[in-house]
Amino acid sequence: MKFFKYFFLFLIINFGALSIGSWLMNSGPQTLWYINLNKAPWSPPGWLFGVAWTTIMLCFSVYMASIKKTDFTRNLVILFSIQFFLNVVWNYIFFNKHLVALALISIVSLTFVVATLFFYNLKTLKLKSLFILPYFIWLCIAISLNAYILINNKGVRELPPPAIVL
């Protein structure tokens, strides 16, 4: 029963991070800036992002609840908090500020934190450690997408709003 209590707590926190990130990116994927970017040929369709993040956060909630149930140290709280922050802030940096290089640094840092969580808890969680792998794999894909945009869009800026003709 204790596991489910923690699972639902982490569900709320993790989906809260997704909600805040979505709010911070505003209408990022629908903006002219994003639409006009040269994107990687392996970019997944838009609907897949929702499916992927839902799956990732369900699995990550199981992972975090499993840790909380066994051993939740100060270091884990710090790593989880850094993960939360980096997950949320990437949306703002990339979609709102169009700072693609800084966004890449942010997502690489997030991937490092997620990998650290994995290795930090591998001995304790054993097979349950697999629940963090969807997060890690998706972040690796996201790094490649972000890097592709950085490399293949030199000089691309936000397009000005269309002129209003009266």
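From a predicted model like this one, the values you see are computed outputs, not experimental measurements. Residue numbers start at 1 and run along the sequence shown.
Aromatic rings from Phe10 and Phe80 are positioned such that their centres are separated by under 6.0 Å. Between Phe95 and Trp90, the distance separating the two ring centers is shorter than 6.0 angstrom. A distance of 6.0 Å or more separates the ring centres of Phe60 and Trp53.
In terms of heavy-atom proximity, Leu145 sits nearest to Phe49 at CD1-CZ, 4.4 Å. Looking at every heavy atom in both residues, Ile107 comes nearest to Asn146 through CG2-OD1, 4.2 Å. In terms of heavy atoms, Leu86 sits closest to Val113 at CD1-CG2, 4.2 Å. Residues Leu104 and Ile143 approach most closely at CD1-O, 3.8 Å, considering heavy atoms. Of all heavy-atom pairs between Ala40 and Tyr148, the closest is N-CD2, 3.2 Å. The shortest heavy-atom contact between Thr54 and Gly50 is OG1-O, 2.8 Å.
Contact of the Tyr120 side chain with the Leu117 side chain is not registered, since no non-hydrogen atoms from C-beta on lie closer than 4.5 Å. At a threshold of 4.5 Å between non-hydrogen side-chain atoms, the residues Val108 and Phe112 do not count as touching. Leu110 has its side chain within reach of Asn87: a pair of non-hydrogen atoms, C-beta onward, lies under 4.5 Å apart.
Remark: Phe84 CZ is packed, more than 12 non-hydrogen atoms of other residues, nucleotides or ligands lying under 6.0 Å away. Open room surrounds OH on Tyr92; 12 or fewer heavy atoms of other groups in view lie less than 6.0 Å from it. Annotation for Phe85: atom CZ does not count as buried by contact number, only 12 or fewer foreign heavy atoms lying within 6.0 Å. Counted within 6.0 Å of NZ on Lys97, heavy atoms from surrounding residues, nucleotides or ligands total 12 or fewer; the atom is thus considered open.
Side-chain contact annotation: Tyr135 with Asn14, donor-acceptor N/O pair under 3.5 Å absent.
Linking ILVMFWY residues whenever their side-chain heavy atoms come closer than 4.5 Å, directly or via other members, places Leu9 and Ile20 in the same cluster. Following chains of ILVMFWY side-chain contacts shorter than 4.5 Å, one cannot reach Ile105 starting from Ile93, and the two form parts of different hydrophobic clusters.
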**Message:** Evaluate Val51 against Trp47 for side-chain contact (heavy atoms from CB on, under 4.5 Å), listing each step before the verdict.
**Reply:** CA-CA 7 Å; Val51 172; Trp47 64 266; 3.9 Å; yes
